[in-house]
Structure formats: structure tokens, C-alpha cells
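All chains are named by letter (A, B, ...) in the order of the sequence lines, taking the proteins before the strands, and each is independently numbered beginning at 1.
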Amino acid sequence: MPYQPPADVAEALRVQDELRSRVDLVGPGPTAPATVAGLDVAYAESGDRLAAAVTVLDAATLAVVDEAVSVGRPAFDYVPGLFAFRELPALLAALERLTIRPDLLVCDGHGLAHPRRFGLACHLGLVTGLPAIGVGKTPLVGVWDEPAPERGASTPLRTAARWWAGCCGPGTG
DNA sequence: GCGACAG
DNA sequence: ATCTTGTCGC
């Protein structure tokens, strides 16, 4: 069965609400991954075509051990919170062209830091069965204290309860 | 009620 | 996302 994108926003929201509960938040996660895949998408100037690229690195040496590209069309209009539906098909097509199965996915866009706790990284991880981390360049939800300037420093992303209302229950800190 | 809103 | 312009820092 070929992938069918949601017909509209309402259906996309239903899909997220249905898949959200299937995200594994308690498994071991990316324990000592030997290979890490980075994923991103670039658009044509006209915006009606896109190319998804996946590069797999040896986690220890950072040597490129595999790579793949797929070209296609955005599968959904850009809607904040529904961004995954736009790029997911092309990203999955590129992943299918890999000759190896990476141990970890790192994608351009959020994962759990999402209004319904189901951003692109969650969607990718669920569909592929691989551990996935989302790396958003700009915030979508949450507030935070600026991390220390040292490389590797971090602070928690705190999310106002209102974002999770009716979605994921209490205690989302 | 209005604005903000990953890429 | 992509384009454009201008500014700043190395």
C-alpha cells in the first residue's frame, strides 16, 4: 500500500492523536549507536518540489558509511504542528534506499517538543522502529533558560500545561 | 479575542 | 522551506 497523506488538517490531527500513544518513551533508546543517520529536506525555489537526503555516519569516526536521496513533492501544506506530514514520505523514501539500517535517526524538526507530543522525530521513529531525535532550529513550544556557553551545556525545555491540555496528561515538566 | 506557530 | 537586503565579525 503506498503512503497516503491525510486528506486535510482534521485527519492529520486524528492521525497524530492515534499514533502518539505508540511512541516508546521507556525503552533503552539509542544506546551506544554504531551508526547515526542525519536527515534533512531542501526545497526547489518554486516550493513544489523537494529533495530528502539521509547521510549515515559511523558514530565513532564520523566517516560516511551510507547515503541516499529521494526527490518528490511536499505531501501536505505546511501547518505548524503538522509539519511531519509534509516531509515524511520523502524522508522515508530516502531511508528505504539506504543499504544499511542505522541505529539512530537525527532529523530537522522537533520530536516531543510539539503541541501534541508527536513531532517529526516521533513520527519517523514510530514508522521506522528506530530511535529518533528531533533537532529543531527554532522553538515551537516551551520556555527555557539559556544554557551555559560551553559546548554540550543544556537546560530543560519547560512546557506550559496549556500546550498539553487534553493531550498528554499532567506532569510534563 | 488576538497573535504565535518546527520546516 | 526559499528569497532578499543589509550589517557585523573573523
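- Nucleotide B:dC5 holds its P atom 21 Å from the CZ atom of A:Phe85, rounded to whole Å.
- In terms of heavy atoms, A:Glu146 sits closest to A:Trp144 at OE1-NE1, 3.6 Å.
- Between the P atom of B:dG7 and the CG atom of A:Leu91 lies a distance of 14 Å, rounded to the nearest Å.
- As judged by a 4.0 angstrom heavy-atom cut-off over every strand, A:Leu39 is placed among residues making no nucleic acid contact.
- Although no hydrogens or angles enter the test, the distance criterion places no donor-acceptor pair under 3.5 Å between the side chain of A:Glu87 and the main chain of A:Asp108.
- Of the possible donor and acceptor atoms, one in the side chain of A:Ser70 sits under 3.5 Å from a partner among the backbone N and O of A:Ala90.
- The distance from atom CG of A:Leu140 to atom P of B:dA4 is 15 Å, rounded to the nearest whole Å.
- Counting any heavy atom pair closer than 4.0 Å across all strands shown, A:Gly134 reaches no nucleic acid atom.
- By the 30° and 60° cut-offs, the orientation of the rings of A:Phe85 relative to A:His123 is perpendicular.
- Counting non-hydrogen atoms under 4.0 angstrom, A:Pro74 reaches nothing in the nucleic acid.
- Within the 4.0 angstrom heavy-atom criterion, no nucleotide atom of any strand lies near A:Leu50.
- When DNA chain C is scanned 5' to 3' for any atom under 4.0 Å from a heavy atom of chain A, the first and last hits are C:dA1 to C:dC3.
- Of all heavy-atom pairs spanning A:Asp66 and A:Ile100, the tightest one is OD2-N, 3.2 Å.
- One can place CZ of A:Phe118 at 17 Å from C1' of B:dG7, the figure rounded to the nearest angstrom.
- Here the closest heavy-atom approach between residue A:Val54 and residue A:Ala37 is recorded as CG1-CB, 3.9 Å.
- At least one side-chain nitrogen or oxygen of A:Lys137 sits closer than 4.0 Å to the OP1 or OP2 atom of B:dG7.
- A:Gly119 comes within 4.0 angstrom of a nucleotide base, judged by non-hydrogen atoms across all strands.
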